[in-house]
Amino acid sequence: MPSLVLAAALVIHLALVSPWLGRLTYARLERERDRDEGILTRMFTAWTAELWVLAAVALLIVGLSPQIDLAGVGFVLPADPETTAGMVVGAAIASVVAVLVAVRMNRTGRPVPGQAAFRAMLPRTPAERRGALVLSVSAGICEEIVFRGLLIALGTRVLGLPLPVAAGLALAVFVAGHLYQGWRGMAVVTLAGLGLTMLYLKTGSLLLPILLHAIADIRSLLLVPAGRRDTLDGTATVRG
């Protein structure tokens, strides 16, 4: 079946090829960032393109698979309006507070928690900031489609796995994509990914996970204390 072959190729890429390439790319960025002014912008462009290709492949698999439809990968509004409304309000408050705290830390020159694991990716120029913004939004949309939507559906609807097992395997592949951040970064990515997974399973919709994922990545990449790019500590969920 074409959809199974394509799905297998996608999973192999996500679990093995993408983490390896990401680590090599980030290592090169760390080595050459100060010598090559355009390397970060090119990396942002390449990672953004990869994300949209992966999302397109995921949607193609959905279109080819008789067991999966768009609703089955989260392309629906949350089923319980009251619960969803509460989650939206809670998520909005938490996001505003997190951004305000990060902005305050930014203005006082303090490092925003979660940036040491990818400090070479922190933008310094307007072009790099634009690239970081596009990458953050793209990651929020595309990674949720692929890792929360498609992979969980493949596990439950195609392979017949129990939902917790399918969700756990999808989370493991998601975390593997952050190999370049090291074990500390991957540990925090695991917690963040778990929260996004639980939110998706609770609502049955990708709407809130996409929104929160994009906000988290924008906060992590764009709120950078001036003059502190080389002394940041912490981890975050940015993949690129």
Side-chain angles (χ1 to χ4, degrees), residues 1-22 50-80 83-84 87 91 138-181 183 185-214 216-217 235-240:
M1 184 181 297
S3 61
L4 289 179
V5 174
L6 193 57
L10 177 63
V11 171
I12 291 172
H13 176 82
L14 294 173
L16 300 176
V17 179
S18 185
W20 176 69
L21 289 177
E50 179 191 10
L51 286 168
W52 285 105
V53 169
L54 293 175
V57 171
L59 294 177
L60 178 60
I61 292 170
V62 173
L64 294 174
S65 176
Q67 298 103 320
I68 307 174
D69 55 17
L70 288 177
V73 294
F75 279 78
V76 292
L77 293 175
D80 184 349
T83 300
T84 301
M87 288 183 174
S138 299
I141 297 171
C142 299
E143 290 187 349
E144 292 307 310
I145 291 173
V146 173
F147 294 102
R148 244 64 67 183
L150 178 69
L151 292 191
I152 293 177
L154 284 174
T156 56
R157 300 192 177 201
V158 177
L159 300 180
L161 299 174
L163 180 58
V165 174
L169 291 174
L171 177 59
V173 177
F174 174 69
V175 174
H178 299 77
L179 179 65
Y180 70 95
Q181 292 190 17
W183 70 268
M186 293 173 71
V188 177
V189 168
T190 300
L191 295 177
L194 180 61
L196 292 170
T197 299
M198 294 177 65
L199 182 60
Y200 170 57
L201 296 180
K202 177 66 176 179
T203 63
S205 170
L206 289 176
L207 179 61
L208 285 179
I210 285 174
L211 178 62
L212 292 181
H213 192 151
D217 283 1
T235 48
T237 61
V238 174
R239 156 64 175 91

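Hydrogens, waters and symmetry mates play no part in the numbers below; they use all other heavy atoms, side chains included.
- Taken to the nearest 0.5 Å, the CG atom of L54 stands 10.5 Å off from the CG atom of L150.
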Donor-acceptor contacts, no H, no angles, side chain residues 153-174, under 3.5 Å, sequence neighbours left out:
{"residue": "T156", "atom": "OG1", "partner": "I152", "partner atom": "O", "Å": "3.0"}
{"residue": "T156", "atom": "OG1", "partner": "A153", "partner atom": "O", "Å": "3.4"}

Residues 71-78, side-chain donor-acceptor partners within the protein, below 3.5 Å, at least two apart:
none

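- Evaluation of the side-chain contact (heavy atoms from CB on, under 4.5 Å) rule for L196 yields E144, R148, P209, L212, H213 as partners, not counting sequence neighbours.
- Annotation: side-chain contact (heavy atoms from CB on, under 4.5 Å) contacts of W20 (sequence neighbours excluded): L24.
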Let me check something: any side-chain donor-acceptor pairs from residues 2-15 under 3.5 Å, sequence neighbours excluded? List them with distances.
{"residue": "H13", "atom": "NE2", "partner": "E50", "partner atom": "OE2", "Å": "3.2"}

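- The side chain to side chain donor-acceptor pair (under 3.5 Å) test applied to S138 returns W52, not counting sequence neighbours.
- To the nearest 0.5 Å, atoms OG (S18) and CG (L179) are separated by 10.0 Å.
- Screening residues 2-14 for salt bridge (Lys or Arg N to Asp or Glu O under 4.0 Å) gives no qualifying pairs among residues at least two apart or on separate chains.
- Residue pairs meeting the side chain to side chain donor-acceptor pair (under 3.5 Å) criterion with at least one partner in residues 65-75, sequence neighbours excluded, are S65-Q67.
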